[in-house]
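All values reported here derive from a predicted model rather than from experimental measurement.
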Amino acid sequence: MASDNLYKFITQTHPMYQRYEDAWRLNVKSYWGGPEYKNGHYLKRYATDSSTPSDIVRTNEMASDGTPTGRYSTTVVANSSSEAENPDYLENNFYAEKLDQVAGYPYTRLYISEYNALLFNSLPSRTLPDDSDIEKFSNNCDGEGNSLNEFWSMVDIYTTVFGVVWVSCIKYTDSEYPLWKWHSPLDVTNWSYRYNNKGELELKELVIRISDEPELQIYQHITQDVIETIYVPVSEDFDPANLPEEAVYYSETGQDDAEYYKIIQENTLGDIYVRPVYQSNKIYNGVGHTPVFDIANIQRSIYSLLGDAYSCFTYGSHPVNIIDSETADMNDGAISAEPGAVIRVNASLTGTPAYVYEFKSPSLDSITEIRE
């Protein structure tokens, strides 16, 4: 690729990447579950969720025709000492409380784990040459200590998650033998295919994002001839002294802020040995099909319903005290709803008891409908 287009190709993403990025992220977060799923913020955020602090729950009293007749507040007590000691706990809004309290059912992970267990129920057998390098490669094919079976098990899991992963075979300058790596479609940000003179579809070049930090993004640009490691600063706090000594500074004319550092090494294999591995059928080049696209949405839909149910229970099923100010003053504000509590009240006026306090709660019909 010509140098005046390199920065653009590196920093922009493929149109198919832009179309599928959100779906890929939902799929993998649905598989991981836990904090990653919670931090995906897949629950709908209502206006009241943002305006209601998590330590205060407000309820509305409604007339039979739906007209609001009163609005009341009650305090939510911290569930643990650690929450009570955390100053941020009472500063979060009700949406943050929902994210902490609503459980997600891991349908995606259950499907993927079952599928992977069936596929690897019987370990594959291989006939390999009796060679020390082959033995080293079999026991550590990716430079991270994973054997061939462990590597392909991970490929199977994540092709089921994403519909596709990219598998590379690259001989780095100082490595004893070529190493295999698998890359999620979220890391392969751009690619280009072409048909050769034989009518065969071949990969012309691709970009793999290998690091995405607040100060620096690192990419690998692979062609048949070279492997370029490109460092793109994204913050004024970036310090070039932290880069490898071999990194050379480049600045492209005609590009805004097109400054980067690059390390070039020869592609000693003489070809781009990076292939997309599809879970089933290919949709587009670099995009594959997987049932997880639908399962993750089902999981998210159930998660959203559980979030609405939590809101209904929190806002609707716990009554609040409605107390006249004079009664509250007579008891120094210490009005208890526990059995046996003694509450000082005014004497009756003209034979009619003075208004004291009562419990009020909105209708629970919405909870009944969600349960049904």
- Message: Looking at Ile298, is its backbone amide N or carbonyl O close enough to the side chain of Asp294 to form a donor-acceptor pair, meaning the two atoms are under 3.5 Å apart?
- Response: no
- Nearest non-hydrogen partners of Pro178 and Leu269, listed with the distance: CG-CD2, 4.5 Å
- Please examine the side chains of Tyr17 and Leu186, heavy atoms only from C-beta on, and report whether any two atoms are closer than 4.5 Å. yes
- Is Tyr273 reachable from Tyr177 through a run of hydrophobic residues whose side-chain heavy atoms are each under 4.5 Å from the next? no
- Query: Between Cys141 and Ser147, what is the shortest heavy-atom contact and its length?
  - Reply: SG-O, 3.8 Å
- Item | Pair Tyr310, Glu97: side-chain N/O donor-acceptor within cut-off below 3.5 Å | yes
- Query: What pairs with His14 under ring pair (Phe, Tyr, Trp, His ring centres under 6.0 Å), at least two apart in sequence or on another chain?
  - Reply: Trp191
- Would you confirm whether Asp271, through its side chain, and Gln224, through its main-chain N or O, come within 3.5 Å as a donor-acceptor pair? no
- Message: Could you tell me if Arg300 sits above the aromatic ring of Tyr42, with its cationic atom closer than 6.0 Å to the ring centre and no more than 45 degrees from the axis?
- Response: no
- Evaluate the criterion side-chain contact (heavy atoms from CB on, under 4.5 Å) for residue pair Leu203 and Val274; output intermediate values, then yes/no. CA-CA 8 Å; Leu203 186 61; Val274 184; 4.3 Å; yes
- Would you check if Lys181 and Val167 make a side-chain contact, meaning some heavy-atom pair closer than 4.5 Å? no
- Note on the structure: Here the pair of heavy atoms bringing Met154 nearest to Trp182 is CB-NE1, 3.9 Å
- May I ask you to decide if Pro214's main-chain N or O and Ser235's side chain share a donor-acceptor pair within less than 3.5 Å? no
- Query: Yes or no on side-chain contact (heavy atoms from CB on, under 4.5 Å) for Ser311 and Lys98, after CA distance, side-chain angles and deciding distance?
  - Reply: CA-CA 8 Å; Ser311 296; Lys98 282 202 304 185; 3.2 Å; yes
- Task: Step through the shown structure and confirm whether more than 12 heavy atoms of other residues, nucleotides or ligands are within 6.0 Å of CD on Glu21.
- Result: yes
- Query: For Val164, what are the other residues in its hydrophobic cluster, where any two members join if their side-chain heavy atoms are less than 4.5 angstrom apart?
  - Reply: Tyr278
- Message: Pairing donors with acceptors under 3.5 angstrom, does anything connect the side chains of Thr108 and Gln299?
- Response: yes
- Query: Just wondering, do Phe293 and Asn27 contact through their side chains at under 4.5 Å, heavy atoms?
  - Reply: yes
- Message: Within the 3.5 Å criterion, strictly below it, is a donor on Thr13 or Gln18 matched to an acceptor on the partner's side chain?
- Response: yes
- Which residues pass the side-chain contact (heavy atoms from CB on, under 4.5 Å) test with Ser138, sequence neighbours left out? Leu128, Ile134, Leu148
- Cluster link Ile210 to Phe162, ILVMFWY, side chain under 4.5 Å: yes
- Query: CD/Gln220 to CD1/Ile208 distance, rounded to the nearest 0.5 angstrom?
  - Reply: 6.0 Å
- Message: With a 4.5 Å cut-off on side-chain heavy atoms, are Val287 and Trp24 touching?
- Response: yes
- Is any side-chain heavy atom of Ser30 less than 4.5 Å from a side-chain heavy atom of Arg109? no
- Under 3.5 Å, is there a donor-acceptor pair between the side chain of Asn140 and the main chain of Gly145? yes
- Query: Below 4.5 Å, heavy atoms only, C-beta onward: do Asp187 and Thr189 meet side chain to side chain?
  - Reply: no
- On a heavy-atom basis, the closest approach of Arg45 and Asn93 is NH1-ND2, 3.9 Å
- For this output row, return yes or no: ring centroids of Tyr250 and Tyr261 closer than 6.0 angstrom. no
- Val161 reachable from Tyr284 in the ILVMFWY side-chain graph, under 4.5 Å edges: yes
- Query: So, do Tyr115 and Leu118 sit near enough that their side-chain heavy atoms are less than 4.5 Å apart?
  - Reply: no
- Query: If every non-hydrogen atom of Trp166 is compared with every non-hydrogen atom of Val188, which pair is closest and at what distance?
  - Reply: CD1-CG2, 3.4 Å
- Task: Please find out if less than 6.0 Å separates the ring center of Tyr37 from that of Tyr303.
- Result: yes
- Item | Pair Asn149, Arg126: side-chain N/O donor-acceptor within cut-off below 3.5 Å | yes
- Message: Run Leu99 and His41 through side-chain contact (heavy atoms from CB on, under 4.5 Å) and show every step you take.
- Response: CA-CA 7 Å; Leu99 293 176; His41 294 180; 3.4 Å; yes
- Distance-only donor-acceptor check, side chains Asn242 and Tyr231, under 3.5 Å: no
- Test item: Ser168 side-chain N/O and Ile170 main-chain N/O as donor-acceptor pair under 3.5 Å: no
- Task: Kindly compute the distance separating OG1 (Thr229) from CD (Glu246), expressed to the nearest 0.5 Å.
- Result: 10.0 Å
- Item | Gln279 and His289: side chain donor to acceptor below 3.5 Å | no
- Task: Give a yes or no on whether Glu200 atom CD has more than 12 heavy-atom contacts from other residues, nucleotides or ligands under 6.0 Å away.
- Result: yes
- For Ile272 and Ile222 the tightest heavy-atom approach is CD1-O, 3.8 Å
- Do Asn139 and Lys136 have a side chain donor and acceptor closer than 3.5 Å? no
- Item | Glu259 versus Tyr249, side-chain donor and acceptor atoms under 3.5 Å | yes
- Message: Membership question, hydrophobic clusters at under 4.5 Å side-chain separation (ILVMFWY): are Tyr193 and Met16 in the same one?
- Response: yes
- Consider only side-chain N and O atoms of Asn116 and Asp156, and report whether a donor and an acceptor are under 3.5 Å apart. yes
- Message: Working to the nearest 0.5 angstrom, can you tell me the gap between Leu206 CG and Thr223 OG1?
- Response: 10.0 Å
- Task: Apply the test side-chain contact (heavy atoms from CB on, under 4.5 Å) to residues Tyr46 and Asp308: give CA-CA distance (whole Å), side-chain angles for both, the deciding distance (0.1 Å), then the verdict.
- Result: CA-CA 10 Å; Tyr46 297 98; Asp308 286 343; 3.2 Å; yes
- Message: Return the CD to OG1 distance between Gln217 and Thr11, rounded to the nearest 0.5 Å.
- Response: 9.0 Å
- Query: Heavy atoms, side chains only, cut-off 4.5 Å: are His221 and Leu6 in contact?
  - Reply: yes
- Measuring from Leu179:CG to Glu144:CD, what's the distance to the nearest 0.5 Å? 9.0 Å
- In this structure, CG of Asp239 is separated from CG of Leu216 (nearest 0.5 Å) by 11.0 Å
- Message: Count I, L, V, M, F, W, Y as connected when their side-chain heavy atoms are under 4.5 Å apart, and connections chain through other members. Are Val28 and Tyr105 then in the same cluster?
- Response: yes
